[in-house]
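Side chains included, hydrogens not; waters and symmetry mates left out as well; all remaining heavy atoms used. Given the structure is predicted, the values throughout are model-derived calculations rather than measurements. Proteins get letters first, then strands, A, B, ... in listed order; numbering begins at 1 in each.
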Amino acid sequence: MLDKSFEPAIAEKEITEKWESQNLFACHPNDDKKPAFSIVIPPPNVTGNLHLGHALDNAIQDVVCRFKRMQGYDVLWQPGTDHAGIATQMMVEKNLAKQGISRHDLGREKFVEAVWDWKKQYGGQIIKQLHRLGASCDWSRERFTLDEGLSKAVRKVFVQLYKEGLIYKDKRLVNWDPVLQTAVSDLEVIQKEVVGTMWYFKYPVEGNPNEFVTIATTRPETMFGDTAVAVSADDERYKHLIGKNLVLPIVNRTIPVVADEHADPTKGTGAVKITPAHDFNDFEVGKRHQLPMINILNKDATLNENVPSHYQGLTCPDARIKVLTEIKELGLFDHEEPNPMTIPHGERSGVVIEPLLTDQWFVNAKELAKDAIKAVENGDMVFVPKNWENTYFEWMNNIQPWCISRQLWWGHQVPVWYGPDKTIFCEESVEEALQAAEKHYGKSVELVRDSDVLDTWFSSGLWAFSTLGWPEDTIHLKRYYPTSVLVTGFDIIFFWVARMMMMSMHFMKEVPFRKVYLHGLVRDEKGQKMSKSKGNGIDPLEMCDKYGADALRFSLLIQAGHGRDVLMSDSRVESYRNFVTKIWNAARFCEMNGAIFGQDKPTPTLPINKWILSKMHTAAQNVARMIDEYAFNDASNAVYHFIWDTFCPLYLEAIKPIFHDGTTTEIEETKHVCGYVLEQILIVLHPFMPFITEEIWDKTAQRNNMLMCETWPSLTAYADKETETDIDYLFDLVTAIRSLRMGVNISPATKIHLNIKGMNTKNKQIVSDNEVVLKALTRIEQLNIVDEMELPKGSISQAYAESTLNIPLNGLIDIEQETARIRKDIANKESFIERTKNQLANDAFVSKAPASVIQDKRKALEEAQQTLENQQKVLANLIG
RNA sequence: GGGCGACUAGCUCAGCUGGUUAGAGCACCUCGUUUACACCGAGGGGGUCUGCGGUUCGAAUCCGUAGUCGCCUACCA
């Protein structure tokens with residue numbers, strides 16, 4: 001029995017326990033009868049808390065997984081978390097800082113232990129939160145990117161790529177985060193727009209103190225690292241200076257003037273100072289001209305020993321002020337102007353990123369990208385929506401070397417050992433490295449391990465196969481790889497999707513997933529990005545507490561259309577909570593009227609019952625198609641409207657009089673049909689709203705199965721189009737009658753007499769077949785269907801298709817108001833008729849438009865003309 | 001600088017390969033019989049589809065162009 005109201009908090013807990021204690025989310029790799037379907041979860045950061053983006057992402061995956069299970073697939077939804085190198089290390093360091101301890105106080109080993117302790121105690125909170133949403137992951141298979149198995153995969157991949165020459169060590173400019181004191185990849189750098197200043201300095205020409213070259217710079221303090229000034233070879237202003245030297249002010253070091261394509265005569269002064277160790281373009285210029293590279297910064301971005309002593313130890317902003325002062329004192333300042341520019345900031349630390357010359361490990365992404373590009377070109381992997389593939393190609397075709405080393409402690413340590421002479425031994429374990437070293441040196445030696453760890457995305461890049469057991473040849477790998485679809489946000493196409501494609505193509509020779517579905521961002525109700533600083537964030541768990549997980553999921557899903565962002569607000573969730581209540585009450589109604597559950601599909605004789613079965617199957621088919629197209633908004637909309645606009649107000653209302661006045665046979669049939677249809681509704685709605693549906697399923701009957709294990713309605717067409725059309729007509733008629741009543745303020749309590757004049761045979765038949773229903777829904781006491789009659793004075797009439805509806809009224813009606821209403825209706829009809837007539841009189845239209853279009857127009861015209869005629873009679877009767 | 005997307009009722013959005021008297025939800029107005037539901041029911045008002053030009057018998061739908069907004073990406077001496 002269903003209680004008076006649905007309590008999400010209690011039901012969600014109970015149902016989750018039932019699902020999980022029976023292991024219903026588990027995959028069955030040995031079940032040969034079922035086709036496999038698999039999804040790997042985008043692993044959330046182990047430090048993370050569930051936000052609405054996760055809620056959306058996982059609601060979508062859950063819909064797909066539950067749907068596929070119901071369709072008879074063996075589903076693996078592979079869960080897990082990411083160790084999130086920088087984020088996690090920062091968090092633990094912050095905690096330690098509260099006790100006044102730095103990671104250096106602890107030392108590397110102790111620190112890493114501390115992080116593991118933290119992880120064991122507090123990490124993975126987000127996984128618990130996913131359970132609350134109803135996520136049907138195979139929780140027994142949860143993985144972590146630093147698990148032993150996954151670490152093994154990481155080492156194997158690194159070693160192989162190294163041995164293939166696709167991973168290499170290089171000294172080059174990288175994005176350096178001076179606070180975290182590590183290199184970061186291009187993707188971890190955020191460009192921020194600011195209005196800076198362009199300063200113009202004069203560099204004297206060597207041997208001719210009265211001649212100067214004016215250069216423009218936005219970073220005066222980097223002048224200590226200048227090793228040339230570049231000009232364009234054709235620039236008349238500077239041509240004569242090429243090959244000569246300038247004197248770098250303050251330090252009084254001489255630097256050459258070189259001709260280089262990088263110098264653009266139209267920009268700045270046409271002469272550009274070259275600082276190879278602190279600018280990416282200058283680095284290239286430096287290499288072209290074999291210029292010295294002078295690094296002037298320490299790891300914390302203060303100036304180092306390569307600058308004049310009174311600058312050493314200053315921060316860049318301080319040094320800048322000092323340089324400006326000094327240049328002015330030297331009379332070498334030309335002028336300055338405001339300069340809008342973008343400045344790189346660290347994604348995590350938020351501080352200014354410095355290009356810094358360091359030794360780092362790189363992946364030759366250009367090489368790995370080749371197969372990853374091909375796989376999308378030839379359709380082995382498909383983007384949904386398709387237009388994202390442009391973004392993918394654009395980036396992949398211009399891909400830069402991927403800097404994978406991080407100067408952190410938390411993460412996968414690079415499997416590289418150095419011999420006494422710095423020879424590199426890249427092996428999967430220290431034992432193997434020692435062996436290799438012994439072979440190399442002909443004796444045992446001490447090795448020192450590289451201290452760097454890998455970019456977090458290096459291990460996430462292997463996620464699609466490492467979680468399935470690779471490099472072991474596991475049954476899961478065989479059965480579930482390649483995975484069926486990846487569901488994620490477009491913001492990590494480059495970080496993750498692209499890297500998975502590259503790694504998977506290289507190591508598996510096969511795509512990691514057949515499709516990638518990219519959903520939008522969750523925003524607040526005004527369409528603004530949610531952020532802590534704006535304070536407009538909405539906590540999904542709060543929403544669960546307040547409205548239930550089903551309502552939250554549904555409000556996300558119903559907006560998840562291709563290429564659309566999702567807006568979130570209390571009022572939206574509230575309205576879907578109302579939908580939950582609606583379903584609950586509909587179920588209660590069925591139950592109270594003795595609905596029969598757990599039976600096979602009925603074969604009813606009453607039109608209304610045939611009708612709802614047909615509608616139900618059409619809806620189920622549509623929903624299935626839309627899920628397969630990843631149109632979650634359309635799919636949820638279709639369920640929503642079927643329940644709220646068809647099942648409840650039409651069908652349930654229509655069967656009330658049957659339960660009340662029907663014959664025993666009719667009542668039994670209707671109990672069966674309404675029970676059956678409700679069960680089908682529960683099945684179709686289940687992927688979207690797993691809790692309420694499972695709860696109703698559970699509480700209404702003794703069942704063998706939980707709802708989530710039921711089979712999706714058969715997709716073979718079951719449609720009774722004729723009955724659908726008939727009953728649709730009936731309900732249209734109901735609306736027309738209700739509208740007529742309402743128009744003259746007849747109280748709903750008043751039972752009326754209704755005359756219908758001139759109705760055709762077919763429609764008469766429909767009305768008489770469903771007379772009980774029609775009368776109940778429109779509160780008609782007496783119904784007269786006549787071929788011809790005079791409309792009584794003081795009665796109210798309305799043309800309805802070929803017939804005229806008439807309600808005799810004893811009381812007064814407002815003739816004026818009524819006349820106006822009819823006139824307006826007539827005017828509408830006339831305008832339609834005129835337009836349609838013109839169209840049909842147009843030879844070009846008749847000769848070129850498809851026959852079906854013309855036929856439809858003719859039919860509509862005929863009908864409108866007939867109705868118009870009737871309506872004109874009604875008007876004449878009213879005023880005459 | 002390059003690219004992508006959006007612009008349809010007060011708000012949020014449907015409207016697929018051109019043919020609908022342009023739809024929905026929320027909001028709004030009116031009225032509330034019926035023990036499923038007031039977290040509800042019935043009825044109703046409201047838009048000519050950002051501007052301009054074009055293609056077409058026919059355009060919200062295709063093309064061009066202008067504008068506004070958003071996102072991605074590059075560069076910035």
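- Straight-line distance between the C1' atoms of B:rA74 and B:rC11: roughly 37 Å, to the nearest whole Å.
- Legend: side chain to side chain donor-acceptor pair (under 3.5 Å) pairs involving residues 739-752 of chain A, not counting sequence neighbours: none detected.
- Judged as a ring-ring contact (aromatic ring centres under 6.0 Å, His included), and not counting sequence neighbours, A:F283 has no contacts.
- Across the protein-nucleic acid pair, A:R779 atom CZ and B:rC31 atom C1' stand 15 Å apart, rounded to whole Å.
- B:rU73 atom P lies 9 Å from atom CZ of A:F495, rounded to whole Å.
- Rounded to the nearest Å, the gap between the C1' atom of B:rG53 and that of B:rG10 is 31 Å.
- Evaluation of the ring-ring contact (aromatic ring centres under 6.0 Å, His included) rule for A:F494 yields A:W395 as partners, not counting sequence neighbours.
- Legend: residues meeting side chain to side chain contact (heavy atoms under 4.5 Å, CB included) with A:Q871, ordered by chain and number and at least two apart, are A:Q798, A:A799, A:I822, A:D825, A:I826, A:V874.
- Applying the ring-ring contact (aromatic ring centres under 6.0 Å, His included) test to A:F731 and every residue at least two apart in sequence or in another chain returns A:W611.
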Practice prompt. Map every base of RNA chain B to its dot-bracket character, where paired means a Watson-Crick or G-U wobble contact with both distances under 3.5 Å and | marks a partner outside the strand.
Written response: (((((((..((((.....[...)))).(((((.......))))).....(((((..]....))))))))))))....

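- Across the P atoms, B:rU48 and B:rA9 are found 9 Å apart, a figure rounded to whole Å.
- As a whole-Å value, the separation of A:E863 CD from B:rU21 P is 12 Å.
- No salt bridge links A:K859 with A:E862; every basic N to acidic carboxylate O contact stays at or beyond 4.0 Å.
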Discussion item. At under 4.0 Å between heavy atoms, how does the protein contact nucleotides 35-48 of chain B? Give one character per nucleotide, 5' to 3', with B, S or -.
Written reply: -BB-BSSBSS----

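- For an aromatic pair to be called close, the ring centres must be under 6.0 Å apart, and A:F383 with A:W388 fails this.
- A gap of 14 Å separates the P atoms of B:rU50 and B:rU12, to the nearest Å.
- The CG-P distance, from A:N637 to B:rG25, rounds to 10 Å in whole Å.
- Partners of A:D186 according to the side chain to side chain contact (heavy atoms under 4.5 Å, CB included) rule, which considers only residues two or more places apart in sequence or in another chain, are A:N175, A:Q400.
- Between the C1' atoms of B:rG58 and B:rG18, the separation comes to 8 Å (whole Å).
- Considering only residues two or more places apart in sequence or on other chains, A:D282 meets the salt bridge (charged side-chain N to carboxylate O under 4.0 Å, His left out) condition with none of them.
- Look at the C1' atom in both B:rG15 and B:rA22: the space between them is 8 Å, to the nearest Å.
- In this entry the distance linking CD of A:Q191 with C1' of B:rC72 reads 13 Å, nearest Å.
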Worksheet entry | Heavy-atom protein contacts under 4.0 Å, nucleotides 2-19 of chain B, coded B base, S sugar-phosphate only, - none | --S-S-----SSS----B

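- Spacing of P atoms, B:rA42 relative to B:rU34, comes out at 16 Å, to the nearest Å.
- Both A:N842 and A:I343 lie near RNA chain B, and the one whose nearest nucleotide falls closer to the 5' end is A:N842.
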Discussion item. For A:S831 and A:K829: C-alpha separation, side-chain torsions, deciding distance, then whether side-chain hydrogen bond (donor to acceptor under 3.5 Å, both in side chains) applies.
Written reply: CA-CA 5 Å; A:S831 111; A:K829 286 271 172 326; over 6 Å; no

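- Applying the ring-ring contact (aromatic ring centres under 6.0 Å, His included) rule to A:Y576 yields the partners A:F554, A:Y640; only residues at least two apart in sequence or on another chain are considered.
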Discussion item. Please determine whether side-chain hydrogen bond (donor to acceptor under 3.5 Å, both in side chains) holds for the pair A:E394 and A:T391, giving the CA-CA distance in whole Å, both sets of side-chain angles, and the decisive distance to 0.1 Å.
Written reply: CA-CA 5 Å; A:E394 179 65 19; A:T391 309; over 6 Å; no

Table please: side-chain donor-acceptor pairs of residues 189-203 of chain A below 3.5 Å, with sequence neighbours left out.
from, atom 1, to, atom 2, distance (Å)
A:W199, NE1, A:E336, OE1, 3.2
A:Y200, OH, A:E337, OE2, 2.9
A:Y203, OH, A:D226, OD2, 2.8

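- The gap from the C1' atom of B:rC13 to that of B:rA60 amounts to 14 Å, rounded to the nearest Å.
- Following rounding to the nearest Å, A:N745 (CG) and B:rC29 (C1') show an atom-to-atom distance of 13 Å.
- Across the protein-nucleic acid pair, A:M341 atom CE and B:rC75 atom P stand 14 Å apart, rounded to whole Å.
- As a whole-Å value, the separation of A:R523 CZ from B:rC69 C1' is 12 Å.
- Note on A:H641: only backbone sugar-phosphate atoms sit closer than 4.0 angstrom, heavy atoms only; bases stay farther off.
- Toward the 5' end of RNA chain B, the nearer of the two residues A:D186 and A:D279, judged by each one's closest nucleotide, is A:D186.
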